Amino acid sequence: QMQLAESGGGSVQAGGSLRLSCAASGRTSSPYAMGWFRQAPGKEREFVAAISWRGRGTTYADSVKGRFTISRDNAKSTVYLQMNSLKPDDTAVYFCAAGGSTTQLVRAYDYWGPGTQVTVSL
């Protein structure tokens with residue numbers, strides 16, 4: 001089993017930045033890829049970014065390319081999502097997840113955190 005806990009969410013004005021963290025506990029020695037997803041009210045959960053176990057491979061949704069950066073520190077069992085140039089459309093609950101690959105498919109991830117709210121205002 002693995003437990004995930006997100007932090008770093010909050011409210012920010014458009015153009016601002018936030019850094020989300022996801023701390024893992026439990027089976028942290030297993031070679032999981034990590035992903036970030038988000039879900040806005042009334043919408044389906046969508047892929048944001050993912051990173052491979054060793055951090056050599058990353059993928060991003062087109063909507064966040066060039067603005068968001070995913071990274072990980074396996075020594076701290078933590079994954080980060082640096083979000084810059086935030087837009088109101090980025091408002092959502094952000095979730096981190098652990099899975100077998102850097103796929104964009106929600107169903108491919110085995111473990112999920114409870115989420116952290118990000119609100120971007122004009």
Side-chain angles (χ1 to χ4, degrees):
Q1 290 289 332
M2 178 183 288
Q3 293 77 43
L4 303 173
E6 304 91 342
S7 61
S11 297
V12 64
Q13 288 190 323
S17 298
L18 283 173
R19 188 194 196 200
L20 304 183
S21 299
C22 173
S25 59
R27 294 180 57 185
T28 59
S29 61
S30 299
Y32 280 105
M34 298 295 295
W36 284 98
F37 291 78
R38 66 187 182 186
Q39 188 166 17
K43 295 186 177 181
E44 294 186 353
R45 191 167 298 188
E46 64 174 8
F47 172 79
V48 175
I51 188 167
S52 61
W53 165 245
R54 297 189 184 279
R56 296 172 182 170
T58 58
T59 60
Y60 295 91
D62 289 342
S63 59
V64 306
K65 280 182 181 177
R67 300 189 299 122
F68 291 11
T69 302
I70 189 171
S71 61
R72 67 190 298 166
D73 184 342
N74 288 345
K76 296 182 179 179
S77 300
T78 302
V79 179
Y80 306 96
L81 185 68
Q82 178 66 45
M83 305 187 295
N84 299 329
S85 302
L86 283 161
K87 305 174 182 180
D89 285 348
D90 295 319
T91 295
V93 177
Y94 282 71
F95 301 88
C96 69
S101 70
T102 55
T103 177
Q104 299 189 14
L105 297 175
V106 171
R107 63 178 183 270
Y109 288 78
D110 301 313
Y111 301 103
W112 292 83
T116 185
Q117 177 71 47
V118 171
T119 302
V120 184
S121 59
L122 289 171

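Computed from a predicted structure; not experimentally measured. Only this structure's heavy atoms are used, side chains among them; waters, hydrogens and symmetry mates stay out.
No option in W36, W112, Y109 other than W112 meets the side-chain contact (heavy atoms from CB on, under 4.5 Å) test with F95.
Closest of all the heavy-atom pairs between L86 and R67 is CA-NH1, 3.9 Å. Closest non-hydrogen pair, A5 versus P114, comes out as CA-CD, 4.4 Å. The heavy-atom pair separating A24 from L4 by the smallest distance is CB-CD2, 3.6 Å. Residues T102 and I51 share a closest heavy-atom pair of CG2-C, 3.4 Å.
Two residues are said to be in side-chain contact when any heavy atoms from C-beta on lie closer than 4.5 Å; L20 and V118 meet this criterion. Looking at heavy atoms from C-beta onward, V48 lies in side-chain contact with L81 at the 4.5 angstrom threshold. Counting heavy atoms from C-beta outward, L122 and P88 have side chains that approach closer than 4.5 Å.
Looking at R72, its side chain never comes within 3.5 Å of a backbone N or O of A33 through a donor-acceptor pair. Looking at S63, its side chain never comes within 3.5 Å of a backbone N or O of A61 through a donor-acceptor pair. Panel note: side chain T91, backbone T119; no donor-acceptor pair is recorded below 3.5 Å.
In this structure, OG on S121 lies 5.0 Å from CD on Q13, to the nearest 0.5 angstrom. Rounded to the nearest 0.5 angstrom, S30 OG and Q1 CD are separated by 11.0 Å.
Pairs passing the disulfide bond (SG atoms under 2.5 Å apart) check and including a residue from residues 28-122, sequence neighbours excluded, read C22-C96. Judged as a disulfide bond (SG atoms under 2.5 Å apart), not a single pair has a partner in residues 47-82 (not counting sequence neighbours). Applying the ring-ring contact (aromatic ring centres under 6.0 Å, His included) definition to pairs two or more places apart or across chains, those involving residues 47-82 are F37-F47. Here salt bridge (charged side-chain N to carboxylate O under 4.0 Å, His left out) pairs that include residues 45-61, with residues two or more places apart or in two chains, are R38-E46.
One finds a salt bridge joining K65 and D62 here, because a Lys/Arg side-chain nitrogen approaches an Asp/Glu carboxylate oxygen to under 4.0 Å.
Between S17 and N84, the side chains place a donor N or O and an acceptor N or O closer than 3.5 Å (distance only, hydrogens not considered).
Listed by chain and residue number, nothing satisfies the side-chain hydrogen bond (donor to acceptor under 3.5 Å, both in side chains) test with T103 (two or more places apart in sequence, or in another chain). Under the rule for a side-chain hydrogen bond (donor to acceptor under 3.5 Å, both in side chains), D89 has no partner lying at least two apart in sequence or in another chain.
In terms of hydrophobic clustering, with Ile, Leu, Val, Met, Phe, Trp and Tyr side chains grouped at heavy-atom distances under 4.5 Å, V93 and V64 are assigned to different clusters. At a threshold of 4.5 Å between side-chain heavy atoms, the hydrophobic network of Ile, Leu, Val, Met, Phe, Trp and Tyr places Y94 and V12 in one connected group.
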